[in-house]
2 protein chains.
Amino acid sequence: MKASDTLKQLPHKTIERLSQYRRALLICLENKKDHIFSHEIAKIQHITPVQVRRDLMLIGYSGTLRKGYNIQELIDLISDIIDSNEGINVAILGMGNLGRALLNYFSGKRHKLSIVASFDVNPDKIGKSFNNIPCHNITDMEKVIKRENIEIGIITVPASQSMATAKQLVKSGIKGILNYTPKPVEVPEGVYLEEYDMITTLEKVSFYVKMENERAADQVIQRKDQGTAASDF
Amino acid sequence: MKASDTLKQLPHKTIERLSQYRRALLICLENKKDHIFSHEIAKIQHITPVQVRRDLMLIGYSGTLRKGYNIQELIDLISDIIDSNEGINVAILGMGNLGRALLNYFSGKRHKLSIVASFDVNPDKIGKSFNNIPCHNITDMEKVIKRENIEIGIITVPASQSMATAKQLVKSGIKGILNYTPKPVEVPEGVYLEEYDMITTLEKVSFYVKMENERAADQVIQRKDQGTAASDF
DNA sequence: TATTAATTGTTAAATTTATAACAACGCAAA
DNA sequence: TTTGCGTTGTTATAAATTTAACAATTAATA
């Protein structure tokens with residue numbers, strides 16, 4: 001079995017964490033650190049040191065005992081694994097607030113993953129550039145995607161347009177779609193789809209805050225009960 | 001054991017899916033549907049019908065055989081579970097593109113979860129309103145959070161400010177934090193934290209697209225090999 | 001030099017999550 | 001009426017993911 005076959009079987013969660021490790025490591029590098037321990041990475045990511053070591057084991061990286069992991073080496077290895085050699089081009093569909101936020105976050109951050117085009121329906125935006133990325137008319141999608149060899153599309157259009165946009169992307173030969181709208185889309189077999197919805201996460205936080213509030217309230221009641229019971233004697 | 005204790009033990013993943021089911025169901029309701037099958041919900045969410053039925057079993061909802069689930073009833077039940085009776089107030093920290101995008105997505109969508117304040121450092125924004133939500137000076141955070149009884153903070157400030165913002169939120173007595181910046185924050189025990197980072201997901205899509213590209217390339221090579229082998233005879 | 005403490009790498013166990021299997025039921029059509 | 005099909009609800013099984021346990025090793029220190 002080739003090394004690349006091992007990598008294909010990396011757990012999905014490990015892939016996600018590798019991306020996060022790299023981001024953390026890049027920050028550490030800026031701060032002139034050259035080595036890092038598993039428990040340091042773990043603390044940043046709110047996970048356990050064992051999990052960090054296990055992930056690194058899976059990608060075959062060895063640290064130095066009592067010195068930890070070489071940050072630059074680890075960044076390079078993670079990049080080897082998750083980046084494409086040739087680089088991958090990305091387009092953002094919809095230059096509203098969210099599209100522009102993504103562009104800001106991302107522009108110039110990765111060498112191997114470049115946002116090279118954006119699209120919108122608004123005539124005021126078409127023809128302009130945001131962060132030096134040109135904004136095209138969304139009706140030119142297929143033409144531009146093929147010309148610029150764009151493989152991934154990020155959908156940030158209004159929710160009502162998400163499905164139509166996904167269809168157009170598929171028709172244009174896109175390989176992967178990241179849908180940021182709260183309305184799920186359907187794509188045919190062979191197109192990798194990730195739904196990424198901001199509302200679910202907020203509702204999850206809300207649920208656990210609510211639960212904690214109720215737990216705290218229950219405890220107060222229980223303390224009162226105990227107090228009453230004791231005074232019965 | 002009380003019913004509420006059962007709900008406390010709902011799997012995290014089920015909580016997330018319940019939020020997604022509700023969103024899908026609300027759309028179905030708008031389209032004048034009154035009942036829905038598990039396989040229909042499943043299709044929308046890219047999961048299996050079994051999983052839908054299992055989630056609904058966990059929350060104790062029963063559908064009608066050969067008719068499916070009553071959409072309104074199910075929405076109400078899910079709302080009972082994930083919403084707080086009294087409602088929860090939310091603040092957005094950072095009225096950049098991302099903060100405004102979230103506000104747009106969210107405003108007026110939920111009754112029990114309301115964004116009631118936003119904060120920024122930019123004097124041009126302070127004092128104004130976005131989607132009818134006032135924007136305060138971020139130095140007034142503690143005062144406003146206590147006055148407005150805000151329990152959840154969404155961090156959408158520049159990444160360099162994420163930790164400082166989180167600290168300020170904790171000091172103001174926040175119960176839950178949703179961090180949208182790519183830089184993880186630390187919070188003390190008792191504050192519920194969810195890190196939600198947009199870059200990881202994009203890199204994940206990129207990884208699987210790359211993998212698929214390589215797999216496709218390998219197959220071409222294998223076909224060539226086979227062809228050569230056959231012609232050897 | 002011997003001892004102690006800290007760290008990695010890895011196997012084993014536990015936990016969480018998803019899938020499969022199937023009984024029970026009810027409607028529709030033969 | 002009876003047969004067959006499609007659906008739910010639930011238990012059992014499998015898969016994925018995390019955590020625990022611990023040997024091996026090294027550096028620092030007594």
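Residue numbers start from 1 in every chain, and the chains themselves are labelled A, B, ... in the order their sequence lines are given, proteins ahead of strands. Predicted, not measured: the structure shown is a model, and the values here were computed from it.
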Worksheet item: Between B:Thr64 and A:Thr14, which is nearer to the 5' end of DNA chain D once each is assigned its nearest nucleotide?
Response: B:Thr64

Worksheet item: Has B:His39 got a side-chain N or O lying under 4.0 Å from the OP1 or OP2 atom of D:dT7?
Response: yes

Practice prompt. Specify the separation, in whole Å, of atom CD1 of B:Ile41 and atom P of D:dT8.
Written response: 9 Å

Item to complete: Report the distance from atom CG of A:Leu58 to atom P of C:dT10, rounded to the nearest whole Å.
Response: 10 Å

Practice prompt. Check the distance between D:dA16's C1' and A:Glu16's CD and give it to me in whole angstrom.
Written response: 13 Å

Practice prompt. Using a strict 4.0 Å threshold on nitrogen-to-oxygen distance, state whether A:Glu186 and A:Lys167 make a salt bridge.
Written response: no

Discussion item. So if I take every side-chain heavy atom of B:Gln51 and compare against D:dT17, C:dT17, C:dA18, which nucleotide ends up nearest?
Written reply: C:dA18

Discussion item. Both A:Arg54 and A:Arg66 contact DNA chain C. Taking the nearest nucleotide for each, which residue is further toward the 5' end?
Written reply: A:Arg66

Worksheet item: Whole-Å distance between C:dG9 C1' and A:Ile59 CD1?
Response: 13 Å

Worksheet item: Would B:Phe37 and B:Tyr69 count as a close aromatic pair, with their ring centres under 6.0 Å?
Response: no

Worksheet item: What is the distance from NE2 of A:His35 to P of D:dT26, rounded to the nearest Å?
Response: 14 Å

Fill in: A:Glu212 bridged to A:Arg215 by N-O distance under 4.0 Å
yes

Worksheet item: Whole Å only: how far is the CG atom of A:Leu65 from the P atom of D:dA23?
Response: 15 Å

Fill in: Nearest-nucleotide pick for B:Val50, side chain only, options being C:dT19, C:dT7, D:dT7
C:dT19

Worksheet item: Between atom CD in A:Gln9 and atom C1' in D:dT17, what is the gap in whole Å?
Response: 16 Å

Worksheet item: Is the backbone N or O of A:Met163 less than 3.5 Å from a side-chain atom of A:Lys183, with the two atoms forming a donor-acceptor pair by type?
Response: no

Worksheet item: Which nucleotide, D:dT7, D:dA21, D:dG9, lies nearest any side-chain atom of A:Arg53?
Response: D:dA21

Item to complete: May I have the distance from A:Leu10 (atom CG) to D:dA16 (atom C1'), rounded to whole angstrom?
Response: 14 Å

Item to complete: Look at B:Glu203 together with A:Arg23 and state whether they make a salt bridge at an N to O cut-off of under 4.0 Å.
Response: no

Worksheet item: Across the strands shown, which category fits B:Ser62 at heavy-atom distances under 4.0 angstrom: base, sugar-phosphate, nothing?
Response: sugar-phosphate

